[in-house]
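First up is the structure itself, then whatever we jot down about it.
Counting starts at 1 for both ligands and their atoms, following the listed order. We're numbering straight along the sequence, starting at 1. Everything numeric here is computed off the predicted structure, so don't read it as measured data.
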Amino acid sequence: MSGVSTTQNGTGLYINGEWLETNEKMKVYNKFTQEVIGEAAVAKQQDVDAAIKAANEAMANRPLASHERFEILKRTAELISKHAEEIAQLIAKEGGKPLKDATAEVNRSVQVVTTAAEEAKRIHGETVSLDAVPGSENRMGVYIRVPVGVIAAITPFNFPMNLVVHKVAPAIAAGCAVVLKPASTTPLSAIYLCNLLQEAGLPKGYINLVIGSGRTVGDYLVTHPDKKMITFTGSPYVGLRIKQNSGFNRVTLELGNNSGNIVHSDANLDLAADLLAKKAFGSAGQFCVSVQRIYVHDSVIDSFTQKMVEATNQLVVGNPLDPNTDVGPLITLEEAKRVEQWIQEAVSEGAEVLTGGSRDGVMVQPTLLKNVNSSMKVVCEEVFGPVASIIPYQTFDQAIDLVNDSEYGLQAGVFTNNVNLAWKAAKKIQTGGVIINDTSSYRADIMPYGGIDKSGAGREGPKFAVEEMTDIRMVVFNVQDEK
Ligand code: NAP
């Protein structure tokens with residue numbers, strides 16, 4: 001593979017089909033051992049300018065036909081699959097993600113790129129019956145979908161491959177060129193992906209990689225006038241800032257959540273406890289839809305709590321590279337300390353630790369709390385760590401109100417075997433997704449995924465991202481009556 005040393009050593013920006021070194025480097029660490037595993041070149045403003053220029057030139061000079069987009073993406077999916085093991089190791093090291101989750105992430109990435117390839121062939125509009133309007137009897141109308149233009153893609157650390165392809169692959173499917181800025185803590189997976197896109201034959205300028213801190217490189221990219229769209233996944237704080245600074249660019253925001261889940265009296269408690277424990281603490285709770293608030297009906301709370309504690313205590317905490325590990329480190333020591341501080345604050349306000357509660361360096365034990373209240377940070381804010389709380393309720397309506405008592409609205413989970421209650425939850429819970437008999441964390445990458453309120457705006461999933469990344473263009477013919 002061309003540039004294989006780049007994937008291994010993690011250096012270089014990728015601009016206009018060329019790998020570029022810069023004087024400033026940032027070190028990339030194994031998040032468990034804290035060993036340096038690579039370096040990445042840091043972009044300057046002129047590199048961002050060059051990347052955006054290359055992207056615009058690519059779209060202007062070398063438009064891609066749908067079949068070319070399909071073929072390039074199909075080859076990319078095959079290459080990701082071919083290198084799956086190596087990429088999973090890389091994600092486990094740079095992201096601190098347990099190898100089994102990292103492997104699942106790579107497999108999901110293959111699916112995302114494959115689905116985006118298929119979507120490239122399904123971009124179409126429809127006819128519009130203009131003669132339905134008096135005075136337009138001779139008009140024929142059709143709308144088509146055209147690429148929105150150059151897209152800035154800004155991605156978080158917690159899915160360094162899958163959330164990158166969730167932006168890059170639909171953009172290519174839509175015929176758009178991309179300037180990608182990955183998270184500073186996890187740039188190596190993005191570098192790897194750019195190598196694969198290059199090998200798959202993506203023409204120069206369609207993918208450009210700029211690495212550097214969000215406050216400098218990210219901010220400059222967001223405010224740059226020569227692009228048309230920003231697609232961002234990350235924290236609400238940064239998302240709001242991006243929205244405020246984005247001018248007339250289209251913006252999609254995939255932000256956080258403090259996911260609520262309901263366990264009703266008629267639920268399968270074994271299933272609920274097993275899934276909720278895995279999805280509260282797997283990958284150390286660093287999922288946007290990680291289980292955080294668990295509302296349990298009074299009548300089953302004792303039995304559920306016992307099962308949940310048991311399921312939690314079975315999770316293996318340790319080195320992400322060990323194939324048995326379920327829970328790895330937090331992304332940085334600062335994050336681990338913050339999570340520990342939120343636990344201690346809740347305890348000082350009356351919360352009780354059912355299991356866990358301690359920290360050792362970057363490792364926070366899976367922590368289950370009870371006796372919490374809705375003003376504690378571990379309940380009302382996004383923990384983004386291995387902490388969940390069990391909270392009682394008396395009626396199903398009350399449980400729905402409690403789930404809705406949140407500034408966020410990404411996904412919720414509901415465990416019940418009563419179809420009427422399930423349907424009521426689906427209609428009344430105010431989130432982008434309601435998952436019945438599974439947790440808030442469930443996601444198949446083909447589905448429309450995204451939130452409301454502080455969880456963001458717009459939807460991902462290749463079909464839906466392609467819609468966001470294309471503009472509708474209406475074409476009207478004034479048909480003359482020729483003899
Ligand atoms: P983050 O701190 O918001 O960073 C996300 C990206 O934004 C990084 O590339 C970051 O660069 C960049 N950035 C930071 N400040 C910026 C600025 N002023 N202008 C432009 N870009 C800027 O988020 P994170 O800690 O990486 O990820 C965790 C968050 O992502 C959580 O809130 C989680 O819920 C959310 N998330 C949401 C979804 C979803 O689909 N809804 C999925 C995954 C994660 P640096 O790395 O250099 O700071």
Side-chain angles (χ1 to χ4, degrees), residues 26 28 31 40 42-43 48 94-97 101 105 108 112 152-167 179-190 209-224 227 230-246 249 251-259 283-292 330-332 334-335 338-339 381-385 406-411 431-433 440-443 445 447-461 464-465:
M26 55 168 63
V28 184
K31 300 304 182 289
V42 175
V48 178
E94 77 166 345
K97 180 175 285 192
D101 292 331
E105 176 172 349
R108 286 178 60 186
V112 169
I154 302 178
T155 53
F157 74 83
N158 66 329
F159 283 86
M161 175 66 68
N162 196 35
L163 290 180
V164 172
V165 296
H166 257 294
K167 298 182 184 313
V179 179
L180 168 66
K181 194 214 89 64
S184 300
T185 43
T186 55
L188 302 183
S189 304
L209 176 67
V210 291
I211 295 167
S213 118
R215 276 194 213 89
T216 54
V217 175
D219 236 8
Y220 187 71
L221 181 58
V222 165
T223 52
H224 203 289
K227 61 183 194 325
I230 303 164
T231 171
F232 171 76
T233 301
S235 61
Y237 169 78
V238 175
L240 181 60
R241 190 183 160 87
I242 286 176
K243 192 172 177 201
Q244 287 165 340
N245 290 340
S246 59
N249 274 189
V251 180
T252 63
L253 300 173
E254 299 286 341
L255 311 178
N257 204 34
N258 61 347
S259 308
S283 292
Q286 297 168 112
F287 285 93
C288 47
V289 278
S290 185
V291 170
Q292 186 173 327
L330 275 288
I331 190 70
T332 59
E334 293 70 44
E335 276 296 284
R338 174 191 61 77
V339 172
E381 294 188 22
E382 180 185 36
V383 179
F384 221 62
S406 169
E407 292 179 303
Y408 296 92
L410 190 46
Q411 285 201 156
T431 51
S440 53
S441 306
Y442 177 81
R443 180 178 187 186
D445 293 281
M447 69 193 214
Y449 182 80
I452 60 169
D453 301 331
K454 211 171 166 181
S455 292
R459 291 293 178 269
E460 284 194 342
F464 307 94

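- A donor atom on one side chain and an acceptor atom on the other are not found under 3.5 Å apart for S213 and S184.
- Not a single N or O atom of I242, backbone or side chain, sits closer than 3.5 Å to an N or O atom of ligand 1.
- Using a 4.0 Å heavy-atom cutoff, F232 is listed among the residues neighbouring ligand 1.
- In this structure, F464 has its ring center at least 6.0 angstrom away from the ring center of Y449.
- Proximity of Y449 to ligand 1, defined as any heavy-atom pair under 4.0 Å, is confined to the side chain (atoms from C-beta onward).
- Under a 3.5 Å cut-off, the side chain of K227 and the backbone N or O of V222 do form a donor-acceptor pair.
- Listed by atom number, the atoms of ligand 1 under 4.0 Å from L163 heavy atoms are 42 (C), 43 (C).
- Within ligand 1, the atoms closer than 4.0 Å to a non-hydrogen atom of N158 are 43 (C), 44 (C), numbered from 1 in the order shown.
- Summary of contacts: the protein heavy atom closest to atom 20 (C) of ligand 1 is G218 C, 3.4 Å.
- Contacts between E460 and ligand 1 below 4.0 angstrom, taking non-hydrogen atoms only, are absent altogether.
- For atom 23 (O) of ligand 1, the closest non-hydrogen atom on the protein side is S235 N, 3.5 Å.
- Using a 4.0 angstrom heavy-atom cutoff, P182 counts as in contact with ligand 1.
- Nearest protein heavy-atom neighbour of atom 9 (O) of ligand 1: T155 O, 2.8 Å.
- A 4.5 Å side-chain heavy-atom check between E105 and P160 finds at least one atom pair inside the cut-off.
- Of all protein heavy atoms, the one lying nearest to atom 41 (N) of ligand 1 is L255 O, 2.7 Å.
- In this structure, atom 4 (O) of ligand 1 has its sub-4.0 angstrom surroundings free of protein heavy atoms.
- By the 4.5 Å heavy-atom criterion applied to side chains, Y442 and V289 are not counted as neighbours.
- Under 4.0 Å from ligand 1, not a single heavy atom of S455 appears.
- Taking distance alone, with nitrogen or oxygen atoms compared against 3.5 Å, V222 stays at or beyond that limit from ligand 1.
- Ionic pairing of E335 and R338 is present here: one or more N-O contacts between side-chain nitrogen and carboxylate oxygen are shorter than 4.0 angstrom.
- Ranking protein heavy atoms by distance to atom 27 (O) of ligand 1, first place goes to P156 CB, 3.4 Å.
- Under 4.0 angstrom from ligand 1, there are no non-hydrogen atoms of L221.
- With a 4.5 Å cut-off on side-chain heavy atoms, V291 and S259 do not count as touching.
- Remark: ligand 1 atoms within the under-4.0 Å shell around heavy atoms of G256 are 32 (O), 34 (O).
- Residue-level proximity to ligand 1 for F384 is carried by the side chain, the only part with a heavy atom below 4.0 angstrom.
- In this structure, F159 and R108 have side chains that are in contact, with non-hydrogen atoms separated by less than 4.5 Å.
- Nearest to atom 36 (N) of ligand 1 among the protein's heavy atoms is C288 CB, 3.6 Å.
- Between V179 and H224, the closest side-chain pair of non-hydrogen atoms is not below 4.5 Å.
- In this structure the side chain of L180 reaches within 4.5 angstrom of the side chain of L209, judged on heavy atoms.
- Numbered from 1 in the order shown, with element, the atoms of ligand 1 that lie under 4.0 Å from a heavy atom of G212 read 47 (O).
- For the pair E382 (side chain) and N257 (backbone), a donor-acceptor distance under 3.5 Å is present.
- The side-chain heavy atoms of I154 and V238, taken from C-beta on, include no pair separated by under 4.5 Å.
- Relative to the ring axis of F157, K97 does not place its NZ or CZ within 45° and under 6.0 Å from the centre.
- Residues S455 and T431 have side chains not in contact (no heavy-atom distance under 4.5 Å, counting atoms from C-beta outward).
- For the pair K181 (side chain) and G212 (backbone), a donor-acceptor distance under 3.5 Å is present.
- The nearest heavy-atom contact from the protein to atom 24 (P) of ligand 1 is F157 CD2, 3.8 Å.
- With a heavy-atom cut-off of 4.0 Å, V238 touches ligand 1 through its side chain alone.
- Taking only nitrogen or oxygen atoms, main chain and side chain alike, S213 does not reach within less than 3.5 Å of ligand 1.
- Inspection of the S189 and E94 side chains reveals an N or O donor paired with an N or O acceptor under 3.5 Å.
- R459 contributes a side-chain N or O that, together with a main-chain N or O of G451, makes up a donor-acceptor pair within less than 3.5 Å.
- The proximity of T233 to ligand 1, defined as any non-hydrogen pair under 4.0 Å, involves the side chain as well as the backbone.
- Across the listed options R215, E254, K181, R241, K181 owns the non-hydrogen atom lying nearest to atom 11 (O) of ligand 1.
- Between atom 47 (O) of ligand 1 and the options G450, S184, S246, A190, the minimum heavy-atom separation is to S184.
- Ligand 1 places these atoms under 4.0 Å from at least one heavy atom of L410: 41 (N).
- Near A183, meaning under 4.0 Å from any of its heavy atoms, are these atoms of ligand 1: 8 (C), 9 (O), 46 (O).
- Of all protein heavy atoms, the one lying nearest to atom 13 (N) of ligand 1 is G214 CA, 3.4 Å.
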